[in-house]
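In what follows, every chain begins at residue 1, and chains take the letters A, B, ... in the order their sequences are listed. Quick caveat, the model's predicted, so the values are computed rather than measured.
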Amino acid sequence: MPELPEVETMRRGVLGVIGAAILDAHPATCSYRPIAVYPAPRLFAQRAVGRRIVAVDRVGKRVVLRLDSNDAVIFEPRMTGLVLIANPPNQEHLRFRLQLSGDVADLWYWDRRGLGSVRLLSPDEFQNALGPHKLGPDALAITAGELQARLQYRRTPIKPALLDQRIIAGVGNLYASELLHRAKMHPARSCDSLSRAAWRRVHAALQEVLEEAIRYEGSTLSDGTYRNALNEAGGFQNHHRVYDREGQTCRTCQRTAILRIVQAQRATFYCPRCQKAS
DNA sequence: CATATGTCCTGAGAGC
DNA sequence: TGCTCTCAGGACATAT
């Protein structure tokens, strides 16, 4: 489940494509149901071929190639997507290929479950699909005040609220649990019960955990799906304090077993001693 | 508007 | 051992 740290790692891994021109753009032959490609492949290629890549950005949990035509190519990995410049984990889940000019390796989109997408959007389309009414401020750029202002009157539990991309972009299920543990905040605490000091704690923990996870190049869970652009595993899974650690001892208090609960149909992990309910 | 639920997809792992 | 079943969760559609 690539979240902000994993997608940022993918982005950094493909910065070498900046300056290259797109020679061809097409779905990979794949026996599975095709992933979403927009516009349809023929038109996609028509608009992409011959254009030069001028920047590689991240927008929430997506990798974005900016083209000299002002169009953008958006890779959205969702659960199991990868943006690669070498050695895919296997051939059968390769979904899309961008052939590039010069010495630059081709850019591949690989996706085991195929829930992700590859899109080419005009500036208008980009605004409609990924503009500020669809996505909140980036999790690495948001201030403590903005975070508080956007959530403080909600009556929902804080953990699922942090997953709402219109509020804040980039946080997913894994890092929501991790950041709340660092903030010593119970995941079921109602947003409208948090003090200003508590919001500052949550904000500081958010920055901390994302920056640390980026340093370790993201989390590769036991299914091994997530890889960086060179098909290497991340390292942050070894530093998780709660995620996927049900029944194991809390690394902070050294005495309490981590609990797993379900909120909004998603698994939440927390330490009942370090993250008090009130 | 806010909030809740169902859906897509594949493969790992559980249970019998 | 081999089969069937559940589950993982990002984003979006639809319902309340």
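Going from atom CD of A/Glu76 over to atom P of C/dA11 covers 6 Å, rounded to whole Å. We find that CG of A/Leu115 is positioned 18 Å from P of B/dG6, with the value rounded to whole Å. Distance CZ (A/Arg166) to P (B/dC1): 9 Å, rounded to an integer number of Å. With rounding to whole Å, A/Asp164 atom CG is found 10 Å from B/dT3 atom C1'. Taking atom CD1 of residue A/Ile261 and atom C1' of nucleotide C/dG9, one finds them 16 Å apart after rounding to whole Å.
The phosphate of B/dC1 has neither OP1 nor OP2 within less than 4.0 Å of any side-chain N or O from A/Tyr153. Between A/Arg266 and the phosphate of C/dG10, there is no side-chain N or O to OP1/OP2 separation shorter than 4.0 Å. Using a 4.0 Å cut-off, some side-chain N or O of A/His93 falls inside it from OP1 or OP2 of B/dG11. Within the structure, every side-chain polar atom (N or O) of A/Tyr175 is placed at least 4.0 Å from both OP1 and OP2 of C/dG10.
Using a cut-off of 4.0 Å between Lys/Arg side-chain N and Asp/Glu carboxylate O, A/Glu232 and A/Arg227 are scored as not salt-bridged. Salt bridge A/Arg155/A/Asp192: absent, no basic N to carboxylate O contact under 4.0 Å.
Side-chain N/O atoms of A/Ser117 and A/Glu76 include no donor and acceptor closer than 3.5 Å.
Of all nucleotides listed (C/dG9, B/dT5, C/dC12), C/dC12 comes nearest to the side chain of A/Arg78. Considering only side-chain atoms of A/Tyr32, the nucleotide from B/dG11, B/dC8, B/dT3 that sits closest is B/dG11. Residue A/Arg113 has its side chain nearest to B/dT10 when only B/dA4, B/dT5, B/dT10 are considered.
With the nearest nucleotide of DNA chain B identified for both A/Met79 and A/Ser222, A/Met79 has the one nearer the 5' end.
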